[in-house]
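Presented below is the structure to which this report refers.
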Amino acid sequence: MSSSNLPSCISTYSNKLVDLCNNFVNTVSWNEEYENRLCEELDIIQQKNFIQCFEQVTYIVGYMRSQNIPHVLRGSGACSLFCYLLGITSIDPVKENMALARFMNFHRNDQPDIDLDVPHYYRDDILKHLYEKYPNRVARISNDVKYSEKTALREVMRKYGFRKQLPRNFKVEHYFLDPNDVAKIYAEADKLIGEHCHWSLHCGGIIVYDDKVPEKDILKNNQIKLTKYDVEEQNLIKIDLLCNRGLSQLWDIEKKLVHEYPVNDENVEELFRNGDVIGLTQAESRTMRKCVMAIQPKSYKDLALCLAII
């Protein structure tokens, strides 16, 4: 977008932020409301030093756009006019009267949480591209899985020699006859509860480091032993690349972006009102079916309410 089409206030910000503004792909009819909203967001981004976060996300979205890979912004990021103008989301938050504070505000110092949904069969390609563009700088975060009551009991029972498969609702005394062994197993397992059990791969969180991934944090391949809480505490930039099977199914049916579909469709509305939702991702559970039949959604906002409830 030409800088001549942007509000004059933009020139008062840092060069990096102005450069990002010159990459706007969506347009609005600029008026006082839009200008005030954009300047508020730019004030926060510059003051809180969030520019790099938006640079990284804008690059990833631009790459997906160049490869014709559909994406949808999930969560509070859709409340940002800056995200809309950069093409990160297709939702105009000013038009939809969405409050910015859920996404970022002057009282929060943690990096903006930007979650991108992509069809499941494209994510590995996106990750591969990032690994190649930023060699030794991209890492996927982990979940620190703790011992629960059952997993702790299983672990201690293995220590005491029992290594067969156990049913869900097992009792130690059904497998150990000595009351002393039973008491010891329960006591040792109780001490394990809440302790680290193992690392699992986070569903989509990635970090692009300025330099190489710290060796002390590497678990294996591109996985690091940092959780989303560690990332927040260290104020690192985390971007979630999430697989969305519903988006995959939609893209398989027709190569059309989500925002290109009609906002209202009477046939679709009737299916929801009748509870005819079998086969629809995130809509076919028993509770969701009851919800749509009770609310009788007549618009996507009604449907969003159903999703929020369930």
Side-chain angles (χ1 to χ4, degrees), residues 1-31 33-106 108 110-118 122-123 126 129-130 133-134 138 204-208 237-242 244 247 257-260:
M1 182 185 292
S2 170
S3 58
S4 62
N5 297 324
L6 298 174
S8 59
C9 68
I10 287 178
S11 62
T12 63
Y13 295 97
S14 69
N15 290 337
K16 281 191 172 185
L17 204 45
V18 172
D19 287 343
L20 267 178
C21 293
N22 287 328
N23 289 319
F24 287 166
V25 297
N26 286 325
T27 59
V28 297
S29 298
W30 291 105
N31 57 30
E33 183 179 16
Y34 276 101
E35 290 187 18
N36 288 342
R37 175 63 170 267
L38 178 60
C39 290
E40 177 189 1
E41 296 193 22
L42 296 180
D43 284 342
I44 296 171
I45 292 167
Q46 182 157 289
Q47 180 178 315
K48 301 294 184 180
N49 197 23
F50 293 158
I51 299 174
Q52 190 176 6
C53 175
F54 287 94
E55 286 178 333
Q56 290 183 5
V57 176
T58 299
Y59 175 80
I60 293 172
V61 169
Y63 171 74
M64 291 193 288
R65 192 180 297 117
S66 72
Q67 301 300 306
N68 198 32
I69 298 174
H71 78 277
V72 174
L73 179 63
R74 178 192 299 197
S76 62
C79 301
S80 167
L81 177 62
F82 196 52
C83 283
Y84 172 69
L85 294 169
L86 287 168
I88 298 171
T89 179
S90 59
I91 297 173
D92 179 344
V94 175
K95 180 181 177 182
E96 299 296 337
N97 194 29
M98 298 165 67
L100 174 66
R102 277 195 60 218
F103 178 54
M104 60 182 181
N105 59 67
F106 287 106
R108 287 179 56 180
D110 51 310
Q111 293 287 338
D113 186 19
I114 299 180
D115 301 341
L116 298 169
D117 280 356
V118 298
Y122 281 129
R123 185 171 68 172
I126 299 168
H129 171 75
L130 294 175
K133 180 172 176 61
Y134 306 108
V138 180
I206 64 169
I207 297 171
V208 182
I237 299 169
K238 175 178 70 71
I239 301 167
D240 281 331
L241 279 176
L242 302 168
N244 188 316
L247 194 56
L257 299 176
V258 172
H259 67 271
E260 294 173 348

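Just so you know, these numbers come straight off a predicted model, no measurement behind them.
Using a 4.5 Å cut-off on side-chain heavy atoms (C-beta onward), V28 and L85 make contact. Looking only at side-chain heavy atoms (C-beta outward), S14 and Q46 come within less than 4.5 Å of each other. Residues L116 and M64 form a side-chain contact, since some pair of their non-hydrogen atoms from C-beta on lies under 4.5 Å apart.
Rounded to the nearest 0.5 Å, atoms CG (L242) and CG (L247) are 11.5 Å apart. In this structure, the separation between CD1 on I44 and SG on C39 is 11.5 Å, given to the nearest 0.5 Å. Separation of atoms CZ (F82) and CG (L100) is listed at 12.0 Å; rounding is to 0.5 Å. Remark: Y134 OH to I207 CD1 distance equals 14.5 Å, nearest 0.5 Å. In this structure, T27 OG1 and L6 CG are separated by 10.5 Å, a value rounded to the nearest 0.5 Å. Atoms OG and CD, from S90 and E260 in turn, are 9.5 Å apart once rounded to the nearest 0.5 Å.
The closest donor-acceptor contact from the side chain of N26 to the backbone of Y84 lies under 3.5 Å. For the pair N23 (side chain) and D19 (backbone), a donor-acceptor distance under 3.5 Å is present. Side-chain atoms of T58 never come within 3.5 Å of backbone atoms of E55 as a donor-acceptor pair (strictly under, hydrogens ignored). Looking at H71, its side chain does come within 3.5 Å of a backbone N or O of I88 through a donor-acceptor pair. A distance-only check finds no donor-acceptor pair linking the side chain of Q111 to the backbone of K238 [under 3.5 Å]. With hydrogens and angles disregarded, no donor-acceptor distance shorter than 3.5 Å links the side chain of R74 to the backbone of D240.
In this structure, N31 places its CG atom where more than 12 heavy-atom neighbours from other residues, nucleotides or ligands lie under 6.0 Å away. The 12-atom threshold is exceeded at CZ of R65, counting heavy atoms of other residues, nucleotides or ligands nearer than 6.0 Å.
Scanning all heavy atoms of the two residues, the minimum distance from T89 to S80 falls at CG2-O, 4.4 Å. Shortest non-hydrogen contact noted between F103 and D113 is CE1-O, 3.7 Å. Heavy-atom minimum distance, P112 versus F54: CG-CE1, 4.1 Å. H129 approaches Y59 most closely through the heavy-atom pair NE2-OH, 2.7 Å. Between Y13 and V18, the closest heavy-atom pair is O-CG2, 3.7 Å. Residues L257 and P70 share a closest heavy-atom pair of CD2-CB, 3.8 Å.
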Next item on the list: Could you check V208 against I237 for side chain to side chain contact (heavy atoms under 4.5 Å, CB included), going step by step and ending with a plain yes or no?
Entry: CA-CA 7 Å; V208 182; I237 299 169; over 6 Å; no
Next item on the list: Carefully, step by step, assess I10 and L42 under the rule side chain to side chain contact (heavy atoms under 4.5 Å, CB included).
Entry: CA-CA 8 Å; I10 287 178; L42 296 180; 4.0 Å; yes
Notebook entry, point to check: Taking it one step at a time, do L73 and D115 satisfy side chain to side chain contact (heavy atoms under 4.5 Å, CB included)?
Noted result: CA-CA 6 Å; L73 179 63; D115 301 341; 5.5 Å; no
Note to self: Between L86 and V25, is the side chain to side chain contact (heavy atoms under 4.5 Å, CB included) condition met? List the steps.
What the structure shows: CA-CA 6 Å; L86 287 168; V25 297; 5.9 Å; no
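Comment: E41 engages R37 in a salt bridge, judged by a side-chain N to carboxylate O separation of less than 4.0 angstrom.
No side-chain donor from either of N68 and Y122 sits under 3.5 Å from a side-chain acceptor of the other.
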